[in-house]
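Since the structure comes first, as structure tokens, the remarks are kept for the end.
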Amino acid sequence: MKRYFDGIVHRNKRIAPGVFDMTVAGEAVAARPGQFAMLYPGGDSRLLPRPISFCGADEKNGLYRFVYQAAGGGTTLLAALEPGRTIRALAPLGNGFPETRPGERAAIIGGGLGVPPLLWLTRSRAASGAEVSVFLGFRSDPILLREFAETGAGVSVSTDDGSMGFHGNAADMFENFADEPAFDTVYACGPKPLLARAAGIAEKIRAACYVSVEERMACGVGACYCCAVETRGETKYRKCCADGPVFDAKELVWGAGAVG
Ligand code: FES
């Protein structure tokens, strides 16, 4: 159940240009892969909290990991927090990825800052005996590759500039790979065009597909309606923060030409 807690920044380290890896020591909250926390940068109450997905959690010891981009006022303040500083959090939020199925063959596709939340998903799927192949795309500076490899999953990397791995994005790379072997489930996190491509490829190979959608958020708890996502159901718009951020790709409206 979600609750507020004051955590202590345990580490907050730059791991790539503009990208920080923060561990917070706080109360035990039962989070799962795909969920997120609202983190209060502190100091300036005019700033809204920032929604940041969990990259990992050690719930026994109350340690939570977030990898985020310092791209605006709030996240720049987060990046400036030194170890030992207090940070207020509301967590866990959102629905998270569904439970794995026995013998699942999973493809996990991430692009850019959609990659960090997939590390925890990959770990948990690999630990539960699933056969996992991971496809990670970056502009030019890959992150977390060693940790993905340590999960035992097969890891493929692409870069937009071709400086490492496949030259192109993660969806292009996945499409090249997707005929054989077959996958039961595709999980994706990253920019919407990548999610749409992953959904389209999953449909072609008849795999289930769950996507973690990134939307602007203000409250994070379903109260302000600023994170609406268009869906095919009777309820045309659903809230990314409270009904997602993970959706069955079949439920979403992708827009003309987005899926291919
Ligand atoms: Fe307020 Fe989703 S962020 S309803």
Side-chain angles (χ1 to χ4, degrees), residues 1-7 20 22 24 26-27 29-55 57 64-79 81 87-98 110-118 120-121 187-196 198-199 209-255 258:
M1 202 170 121
K2 65 177 178 283
R3 62 168 176 265
Y4 286 99
F5 65 89
D6 288 319
F20 290 78
M22 178 164 68
V24 174
E27 285 175 28
V29 293
R32 56 191 286 182
Q35 289 190 301
F36 65 98
M38 294 300 276
L39 297 181
Y40 290 73
D44 188 341
S45 58
R46 292 167 302 177
L47 288 172
L48 291 169
R50 299 289 92 207
I52 313 278
S53 293
F54 289 100
C55 174
Y64 304 95
R65 183 178 180 194
F66 304 93
V67 172
Y68 61 95
Q69 185 164 34
T75 44
T76 301
L77 280 177
L78 283 182
L81 288 174
I87 181 167
R88 192 156 179 72
L90 173 62
L93 298 171
N95 56 356
F97 288 100
L113 265 292
V115 166
L118 297 176
W120 195 13
L121 178 71
Y187 302 95
C189 185
K192 226 171 240 172
L194 176 72
L195 303 187
C209 182
Y210 296 93
V211 296
S212 180
V213 176
E214 293 174 1
E215 282 295 340
R216 284 184 175 278
M217 293 184 191
C219 71
V221 294
C224 72
Y225 289 85
C226 83
C227 63
V229 176
E230 191 175 0
T231 69
R232 297 176 190 280
E234 274 175 32
T235 315
K236 195 169 180 213
Y237 289 97
R238 298 177 70 197
K239 297 168 199 166
C240 186
C241 65
D243 301 319
V246 178
F247 292 90
D248 183 327
K250 287 199 175 75
E251 292 175 19
L252 299 181
V253 175
W254 293 106

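Just so you know, residue 1 is the first one in the sequence shown, and it goes up from there. What you see is a predicted model, and the numbers here were worked out from it, not measured in a lab. Atoms within a ligand are numbered from 1 in the order they appear, just like the ligands themselves.
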* Asked: Given Tyr40 and Asp6, is the side chain to side chain contact (heavy atoms under 4.5 Å, CB included) satisfied, shown in steps?
  -> CA-CA 10 Å; Tyr40 290 73; Asp6 288 319; over 6 Å; no
* To do: Check step by step if side chain to side chain contact (heavy atoms under 4.5 Å, CB included) holds for Cys241 and Phe36.
  => CA-CA 9 Å; Cys241 65; Phe36 65 98; 4.0 Å; yes
* Give the intermediate values and the outcome of side chain to side chain contact (heavy atoms under 4.5 Å, CB included) for residues Asn95 and Phe247. => CA-CA 9 Å; Asn95 56 356; Phe247 292 90; 5.9 Å; no
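With a 4.0 Å heavy-atom cut-off, ligand 1 is reached by the backbone of Ala223 but not by any atom from C-beta on.
In summary, the atoms of ligand 1 found under 4.0 Å from a heavy atom of Cys227, numbered by their order in the structure, are 2 (Fe), 3 (S), 4 (S). Residue contact check: Gly222 has heavy atoms under 4.0 Å from atoms 4 (S) of ligand 1. Distances below 4.0 Å separate heavy atoms of Cys241 from the following atoms of ligand 1: 2 (Fe), 3 (S), 4 (S). Under a 4.0 Å criterion applied to the non-hydrogen atoms of Ala218, ligand 1 contributes the atoms 3 (S).
Ranking the protein heavy atoms by distance from atom 4 (S) of ligand 1 puts Tyr225 N, 3.1 Å first.
Residue Cys226 does not count as close to atom 1 (Fe) of ligand 1, with no N, O or S atom under 2.8 Å.
By the neighbour-count criterion of 12 heavy atoms within 6.0 Å, atom CZ of Arg216 is sparsely surrounded, having that number or fewer from other residues, nucleotides or ligands.
One finds an angle of 110° at atom 1 (Fe) of ligand 1 between SG on Cys219 and SG on Cys224, to the nearest 10 degrees.
Looking only at side-chain heavy atoms (C-beta outward), Val29 and Tyr64 come within less than 4.5 Å of each other.
Between Lys192 and Glu214 no salt bridge is recorded (no basic side-chain N to carboxylate O distance below 4.0 Å).
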